S.K.: 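I'd like to ask some things about the structure below.
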Amino acid sequence: RNVTGVQTCALPISPRVVQPRDVDWDKIIATLVAPASVRNGVEFLGKYEVALDSAERKYGVDRESIVGLLRMESNFGRISGNYVVFNVFYTLLVQREEARRWKFAADNLAALAAFCQRRGGDCFDVKGSYGGALGAAQFLPFSVLQWGADGNGDGQVNPYQMEDAIHSAANFLVAHGWHEDSTASLGKYYGQTIGYPRAVESYAEALRAATGREKPVLAPPAPAEPQP
C-alpha cells in the first residue's frame, strides 16, 4: 500500500499478513484528512453511490469505511501496481524453502491461474502491487477466490472493476468479524491492527463530516439459506 508516497507494508508472507515496520500513522492520517483528499473521497462517494449503497445494504458495512479502506489500499485504484503478478509469486516460490512461505506463493499462483482461466487472457498480463495484490481493494489472488464478490451483476468477480472491489472489500470485512469487532476486522484486512484501522476510520469520519451523514447503525447480513 502506498499513501502519498509513504509505503505502509513490506512483502506479505501469508494472506493479509505484513511484516511489522515503522510507519508514521499520524502523518498518514493527516494526509488522508486533508481537504483535497476528503474532496476526492466525496467525489468517489457520488460516482459509485449505487455500488456503495448496495454493498452497505447487503453486508452492513458503512460506505464511508469502505471508501476509507479503498483510499488507504490504492488511492481509489490510482496506485494499484504495475508488477507482473505471476512473476511476483513465481519468484517467491523458487526462492523460499520454508514450507509456510512456499505454500503461500504456491496457493496464490494456483489462484491466479484459476482467475486467469475464468477471465480469459494471459496470466502475464495481470498487473498488481509488488506484493502481488490486485485492483483497488488490493486482493491477493487467493483472496479473490475466497472472498471476491460480484458487485456489478455481470456474474463474474473482477478485482479491477470498482464495483466488484467495493463489494469484495465489504465481504472480506464481514467474513472476518466486522459486526463483532470492526477494528479487528480491519486489522485482518491489513495484517496488523496498529494504525491501519485508525487511519480508515479517521478518513470515514472526515467523509461523514463533509457530507453531513451520521454513522449508520447497520445490521449484519442474513445467514445464507442452506442448499437443498
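What you see is a predicted model, and the numbers here were worked out from it, not measured in a lab. Along the sequence shown, residues are numbered consecutively beginning with 1.
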S.K.: As an exercise, state the distance from CD1 of I66 to CG of L207, rounded to the nearest 0.5 Å.
M.R.: 12.0 Å

S.K.: Roughly how far, to the nearest 0.5 Å, is the OG atom of S65 from the CD atom of E56?
M.R.: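 Rounded to the nearest 0.5 Å, the CD-OG separation comes out at 9.0 Å.
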
S.K.: Determine the minimum heavy-atom distance between P159 and A165, stating which atoms define it.
M.R.: O-CB, 4.0 Å

S.K.: Find out whether F89 and L140 are in side-chain contact, i.e. whether some heavy atom of one side chain is under 4.5 Å from a heavy atom of the other.
M.R.: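 A side-chain contact under 4.5 Å exists here.
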
S.K.: Looking only at non-hydrogen atoms, find the nearest pair between V85 and G128 and report the distance.
M.R.: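 Between these two residues, the closest heavy atoms are CG2-N, 3.4 Å.
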
S.K.: If you take all heavy atoms of Y189 and L173, which pair is closest and at what distance?
M.R.: CD1-CD2, 4.0 Å

S.K.: Using only atom types and a distance under 3.5 Å, with no angle test, would you say the side chain of T91 pairs donor to acceptor with the backbone of N87?
M.R.: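 Looks like yes, one N/O pair under 3.5 Å.
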
S.K.: Are more than 12 heavy atoms, taken from residues, nucleotides or ligands other than E214, located less than 6.0 Å from that residue's CD atom?
M.R.: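 Count not over threshold, so no.
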
S.K.: Within the structure provided, determine whether L70 and F44 are in side-chain contact (heavy-atom separation under 4.5 Å).
M.R.: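 In contact.
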
S.K.: Indicate, with yes or no, if F142 and L145 share a hydrophobic cluster defined by side-chain heavy-atom contacts under 4.5 Å among Ile, Leu, Val, Met, Phe, Trp and Tyr.
M.R.: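 L145 does not cluster with F142.
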
S.K.: Measuring only between side-chain heavy atoms, which start at C-beta, is F76 closer than 4.5 Å to R71?
M.R.: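 Yes, side chains in contact.
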
S.K.: I'd like to check F115 versus R119 (side-chain heavy atoms, cut-off strictly below 4.5 Å). Are they in contact?
M.R.: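 Heavy-atom side-chain distance check passes, below 4.5 Å.
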
S.K.: Is the shortest heavy-atom distance from the side chain of S202 to the side chain of L32 under 4.5 Å?
M.R.: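 Side-chain contact under 4.5 Å: no.
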
S.K.: Measure the spacing between CG of L134 and OG of S80 and express it to the nearest 0.5 Å.
M.R.: 9.0 Å

S.K.: Can a donor-acceptor pair be found between the side chains of N40 and S37 at a distance below 3.5 Å?
M.R.: no

S.K.: Between Y83 and K127, is any pair of side-chain heavy atoms under 4.5 Å apart?
M.R.: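 Counting from C-beta outward, Y83 and K127 never come under 4.5 Å.
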
S.K.: Give a yes or no on whether the backbone of A133 and the side-chain of S129 come within a donor-acceptor separation of less than 3.5 Å.
M.R.: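 Side chain of S129 to backbone of A133: a pair is present.
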
S.K.: Between R198 and D26, does at least one N-O distance fall below 4.0 Å, as a salt bridge requires?
M.R.: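 A salt bridge links R198 with D26.
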
S.K.: Mind listing the closest non-hydrogen atom pair of T193 and T183 along with its distance?
M.R.: CG2-O, 4.3 Å

S.K.: Ignoring hydrogens and angles, state whether a donor on the side chain of Y196 or E73 is under 3.5 Å from an acceptor on the partner side chain.
M.R.: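 Judged by distance alone, the side chains do pair up.
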
S.K.: Applying side-chain contact (heavy atoms from CB on, under 4.5 Å) between P141 and each of V126, L112, L109, report the one that passes.
M.R.: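 The option that passes is L112.
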
S.K.: Where do R213 and E205 land on the salt bridge (charged side-chain N to carboxylate O under 4.0 Å, His left out) test, with the steps shown first?
M.R.: CA-CA 9 Å; R213 192 174 98 116; E205 289 177 357; over 6 Å; no

S.K.: Does the side chain of F172 come within less than 4.5 Å of F139's, by heavy atoms?
M.R.: yes

S.K.: Does one hydrophobic cluster hold both V61 and V217, with members joined at side-chain heavy-atom distances below 4.5 Å?
M.R.: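 Each belongs to a different hydrophobic cluster.
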
S.K.: Does the pair E201/R208 count as a salt bridge with the N-to-O cut at 4.0 Å?
M.R.: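 Looking at R208 together with E201, the answer is yes, because their closest N to O distance falls below 4.0 Å.
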
S.K.: Would the distance check show the side chain of D164 and the main-chain N or O of N158 forming a donor-acceptor pair, the cut-off being under 3.5 Å?
M.R.: yes

S.K.: Grab the two heavy atoms, one from L69 and one from V200, that are nearest each other, plus how far apart they are.
M.R.: N-CG1, 3.7 Å

S.K.: Kindly say whether K27 contributes a backbone atom to a donor-acceptor pair with the side chain of T31 at under 3.5 angstrom?
M.R.: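 Checked: pair present.
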
S.K.: Check whether any side-chain N or O of D150 sits under 3.5 Å from a backbone N or O of G155 as a donor-acceptor pair, and report yes or no.
M.R.: yes

S.K.: Taking NZ, NE, NH1 and NH2 as the nitrogens, is one of them in K215 or E64 under 4.0 Å from a carboxylate oxygen of the other?
M.R.: no

S.K.: Say whether, by atom type as modelled, one donor and one acceptor occur between the side chain of S185 and the main chain of D181 under 3.5 angstrom.
M.R.: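 Side chain of S185 to backbone of D181: no pair is present.
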
S.K.: Hydrophobic clusters here meaning ILVMFWY residues chained together by side-chain heavy-atom distances under 4.5 Å, can you tell me if Y160 and W147 are in one?
M.R.: yes

S.K.: Any side-chain donor paired with an acceptor under 3.5 Å for H167 and S54?
M.R.: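 Looking only at side-chain atoms, S54 and H167 do form a donor-acceptor pair, the distance falling under 3.5 Å.
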
S.K.: Please walk me through it: do C116 and D122 pass side-chain contact (heavy atoms from CB on, under 4.5 Å)?
M.R.: CA-CA 7 Å; C116 293; D122 192 336; over 6 Å; no

S.K.: Test M162 against Y48 for side-chain contact (heavy atoms from CB on, under 4.5 Å), laying out the working first.
M.R.: CA-CA 8 Å; M162 189 61 74; Y48 292 101; 3.6 Å; yes

S.K.: Working to the nearest 0.5 angstrom, can you tell me the gap between F124 CZ and Y90 OH?
M.R.: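 Between F124 CZ and Y90 OH, I get 9.5 Å after rounding to 0.5 Å.
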
S.K.: Taking atom CG of N171 and atom CD of Q146, what is their separation to the nearest 0.5 Å?
M.R.: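 Here the rounded value is 10.5 Å.
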
S.K.: Nearest 0.5 Å, what's the OH-CD1 distance between Y59 and I166?
M.R.: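 Y59 atom OH to I166 atom CD1 measures 11.5 Å (nearest 0.5 Å).
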
S.K.: Are any side-chain N or O atoms of D62 and backbone N or O atoms of P216, one a donor and one an acceptor, separated by less than 3.5 Å?
M.R.: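 A pair under 3.5 Å: no.
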
S.K.: Give a yes or no answer on whether the side chain of S168 reaches the backbone of A149 with a donor-acceptor pair at less than 3.5 Å.
M.R.: yes

S.K.: Would you say the side chain of R63 lies within less than 4.5 Å of the side chain of D53, judging by non-hydrogen atoms?
M.R.: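 Touching, per the 4.5 Å side-chain cut-off.
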
S.K.: Quick one: closest heavy-atom pair of A113 and C123, and the distance?
M.R.: CA-SG, 4.1 Å

